[in-house]
Asks: 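Pasting a structure here, questions to come.
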There are 2 protein chains.
Amino acid sequence: MEARAPRRANRSTVLAHVLTHGPVTRTAIGQETDLSPATVSRIVEQLLDEGLLVETDGTPTATRGRRATRVAIAAGRGVVCGVDVGGSNVRMVVADLAATPLVSRTVPTPAQYDAPRLAQWLADLIRQTVGDNLDRLDCVAVGLPGAVREHDRAVSNAPNLPQVEDPEFLRLLEKRLSTGVEVDNDSNYALLGELRFGAARNAQTAVMFTIGAGLGAGVAIDRRLFRGRSGMVGEFGHLPAGPLGTSLEQIISGPGILARARDLGLPFDNPADVFRSTDSRLVPVKQYVEQALLIILTAAVVAYEPEVIVLGGGISHALKPDLGRLGGRLREIVPVTAAAVQSAELGDLSGALGAVVAALHTAYGRLGLAEPDLAHVPQPDALAGCDLHALSANAIA
Amino acid sequence: MEARAPRRANRSTVLAHVLTHGPVTRTAIGQETDLSPATVSRIVEQLLDEGLLVETDGTPTATRGRRATRVAIAAGRGVVCGVDVGGSNVRMVVADLAATPLVSRTVPTPAQYDAPRLAQWLADLIRQTVGDNLDRLDCVAVGLPGAVREHDRAVSNAPNLPQVEDPEFLRLLEKRLSTGVEVDNDSNYALLGELRFGAARNAQTAVMFTIGAGLGAGVAIDRRLFRGRSGMVGEFGHLPAGPLGTSLEQIISGPGILARARDLGLPFDNPADVFRSTDSRLVPVKQYVEQALLIILTAAVVAYEPEVIVLGGGISHALKPDLGRLGGRLREIVPVTAAAVQSAELGDLSGALGAVVAALHTAYGRLGLAEPDLAHVPQPDALAGCDLHALSANAIA
DNA sequence: GATAATACTTTCAGTCTGAACGGAAATAGA
DNA sequence: TCTATTTCCGTTCAGACTGAAAGTATTATC
């Protein structure tokens, strides 16, 4: 009585195609997915009935013959919210189902709050930012500055915002939002953002390091996040490769850099300033950091053979002038596989936008998109021509 | 007119079930695969017609009712050959489609031969070892001591047997065998062997290091080999983490160990002897190697969060007593994720048996097994109760 | 307005599945 | 030995689904 598998699979294929290619004609879907026109027509009709797709009246070409009607995802049918909770700032982006950003917002993190209060504050902030779209809110994804274990979402290793390790934080957040909340490491989300919209959008395999107060890492293999069991994949800062077996994270992260500068009698407040300074006494510090970074980059290349390594986080700005040289040295060490070393294209918003992507994946999954198709959605140019900073003005005060 | 996809998928499911579970009744297949008895019956009938399966007349249980007939793979329908070409020895195992080893053989590598001659010698050796089964030879898989790039099978990085880098080697081998030949890095195959039959058989994610003349590595994620683009994934020996940015491979591999011992005025011929010696002057050498190994193990844990790290190759025997301590130190460095550090269970035959697995995968693929199902075949206990050393006596002299 | 081109829909034959039924084979017990 | 029961397996049948082909709708060109 049942043989529903093919229908579901084809439905997912069609939906994925619309999501990745934007407004598209039925004929084009058929040609590019190797489905027959009849099947496409039937499935599109069903999706239209369900309200998942809408017909756009666009008159795209001026050729002879009947005008093709294009269908697109019913973008306004739902919204998602991506949140990047950092030690100093909380950034969030609300987007519709077509991944078009609607509102963007940045607020200082009230780091002094305890877990329940922080959860409540964040939930209220999200509700407020989502505003009128609250009833259409499909999913919220929150990036946290710590390791998130996949199977039970336990948070660990969050020295910059230890409150979030408390399971209460998540529980209360979900309760007060009355929506499922996705959680992951902020570096993973940052990579997801760059992978979809930024520096890694053409890479199959990519690694991202966020260098700031700590050293975070995200890894994507075949365009899918590789999380590992406890969410610490790629954190090569733990390598005991410094002198006397010290960990590299101690060398490369903000506090480590400041400490070394201080040892030289040069107190700085901001690690990025150390790199901007031209004081010749700082040369060994910079070299030291660079050597550590080189080990980490080599480890990433050898571990995953990524096409791109993206550097993000506060200190990465300061490293920008050195990227070319770093890439060169990397190629000397591992000549076989070259990886481009680039800085994050999405800047501070990588994390929030990656969270949006994660939330969209959940939302799309509920709409019937099969797991393998998720690796290709949403379309990379959803952000094109969209000034995110302008959107932040739209935020409710 | 066509809707063949479900049939192919179900066929693959049934075939995979028989391959993983050995002789099994139709009813059991239906229950464990969630296919209806009708479907199972039809597909089994088809597979019997094709000669891929055979009915075994076993009367397994003594319950009431009609006796269930069990079906199994037609093991004798084809054979595969797995070859591990090392710098000093060539090992090969011939097995049938049920992964039961038929012949095992070890021969010194004629390292002085040039590429064409080596290819011819190896082809002849394989033909001879396969013997009467030659006409049923489905696939040959050869592990080489070098990096193999996936898309064009170019071999590089083979200092211990540079001939195999010559593309002629492969071309002639295939020509003379008149069979498709699979090629991969020997460490990858060793891991495949351990993953299927040995120390990693219960692990989803595992890493293997073969420590010998060089430092080789293989990585499996979710029970599938992770190769990367140029086949050097996991080779953390390249990390410039030694003093003055020297690579770890120089420290940990055989020649490096011998050189350091020689610096102390203690000439050895065999690196394993360095570890066996109780000379107190060697303590710093051992510590030095251990520290390098620890960095490599840490890198592996951080990179992939494996459940098991398998150590193989000549030197690993000598390290066996230290494995417990090494594991302990590893857990101190990366407490969140513990990986068991074990030595290879299959010993010298990991590589050849892994090559058998790879060859079987190709053979199974030709029989219609879908790619995701390959990760679970053949069944892990195909080797149980089979003395491989006894088989080597069967080899044609 | 006829014609041609293109886009979509409907019809139809054919594949495949699961549920239900029925025959076959084996044990248990009278 | 004969029958009831249990279990295994094959067959039948309605339903889901697909692609090819034929049909319909819509548009530009002549």
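Letters A, B, ... mirror the listed sequences (proteins, then strands); counts begin at 1.
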Asks: Rounded off to whole Å, could you give me the CD1-to-P distance for the B:Ile29 and C:dG18 pair?
Replies: 14 Å
Asks: Measure from CD1 on B:Ile43 to P on C:dG18 and round the result to the nearest Å.
Replies: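 So the CD1-P distance, B:Ile43 to C:dG18, works out to 9 Å.
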Asks: For B:Glu55 and for A:Val40, locate the closest nucleotide of DNA chain D by heavy-atom distance; then report the residue assigned to the nucleotide nearer the 5' terminus.
Replies: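 Per heavy-atom nearest nucleotide, the more 5' residue is B:Glu55.
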Asks: Nearest whole angstrom, please: distance from the P of D:dA20 to the CG of A:Asp34.
Replies: 10 Å
Asks: To the nearest Å, how far apart are A:Arg11 CZ and D:dA16 C1'?
Replies: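 Rounded to whole Å, this separation is 16 Å.
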Asks: Test: ring pair (Phe, Tyr, Trp, His ring centres under 6.0 Å). Region: residues 13-45 of chain A. Which pairs qualify, not counting sequence neighbours?
Replies: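 Checked against ring pair (Phe, Tyr, Trp, His ring centres under 6.0 Å) - neighbours excluded - the pairs reaching residues 13-45 of chain A are A:His17-A:His21.
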Asks: In chain order, what residues pass the side chain to side chain donor-acceptor pair (under 3.5 Å) check against A:Gln204, with sequence neighbours excluded?
Replies: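 For A:Gln204, no residue satisfies side chain to side chain donor-acceptor pair (under 3.5 Å) once neighbours in sequence are set aside.
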Asks: Any pair with a residue in residues 26-47 of chain A that passes ring pair (Phe, Tyr, Trp, His ring centres under 6.0 Å), sequence neighbours left out, goes on the list, sorted by first then second residue, please.
Replies: none
Asks: Tell me every residue that passes side chain to side chain contact (heavy atoms under 4.5 Å, CB included) with B:Ala220, counting only those two or more places apart in sequence or in another chain.
Replies: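 With neighbours one apart ignored, the set is B:Leu191, B:Leu195.
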Asks: Could you tell me how far apart A:Glu45 (CD) and D:dC17 (P) are, to the nearest whole angstrom?
Replies: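 So the two atoms are 14 Å apart, to the nearest Å.
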Asks: From CZ of A:Arg42 over to P of C:dT9, roughly how many Å is that when rounded to an integer?
Replies: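 The distance from CZ of A:Arg42 to P of C:dT9 comes to 11 Å, rounded to the nearest Å.
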Asks: Strictly under 3.5 Å: I want the nitrogen or oxygen pairs between protein and nucleotides 5-9 of chain D, one per line.
Replies:
from  : atom 1 : to      : atom 2 : distance (Å)
D:dT7 : O2     : B:Arg66 : N      : 3.1
D:dC8 : O2     : B:Arg66 : NH1    : 2.8
D:dC9 : OP1    : B:Thr69 : N      : 2.8
D:dC9 : OP1    : B:Thr69 : O      : 3.1
D:dC9 : OP1    : B:Thr69 : OG1    : 3.0
D:dC9 : OP2    : B:Thr27 : N      : 3.4
D:dC9 : OP2    : B:Thr27 : OG1    : 2.9

Asks: By side chain to side chain contact (heavy atoms under 4.5 Å, CB included), which residues pair with B:Arg149, not counting sequence neighbours?
Replies: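 For B:Arg149 the side chain to side chain contact (heavy atoms under 4.5 Å, CB included) partners, ignoring immediate neighbours, are B:His151, B:Asp152, B:Ala154.
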Asks: Do any side-chain nitrogens or oxygens of B:Asn10 fall under 4.0 Å of OP1 or OP2 in C:dC16?
Replies: no
Asks: In whole Å, what is the span from the CG atom of B:Leu35 to the P atom of C:dA19?
Replies: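 Going from B:Leu35 (CG) to C:dA19 (P), I get 11 Å.
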Asks: Is any side-chain N of the basic residue among A:Arg224 and A:Glu371 closer than 4.0 Å to the acidic one's carboxylate O?
Replies: yes
Asks: Taking the six-membered ring for Trp and the single ring otherwise, decide whether the centroids of B:Tyr304 and A:Tyr304 are under 6.0 Å apart.
Replies: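 Yes: the rings meet the under 6.0 Å criterion.
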Asks: Kindly say if A:Arg7 contacts the phosphate of D:dT18, meaning a side-chain N or O under 4.0 Å from OP1 or OP2.
Replies: yes
Asks: Below the 4.0 Å mark, does C:dG18 have OP1 or OP2 next to a side-chain nitrogen or oxygen of B:Thr39?
Replies: yes
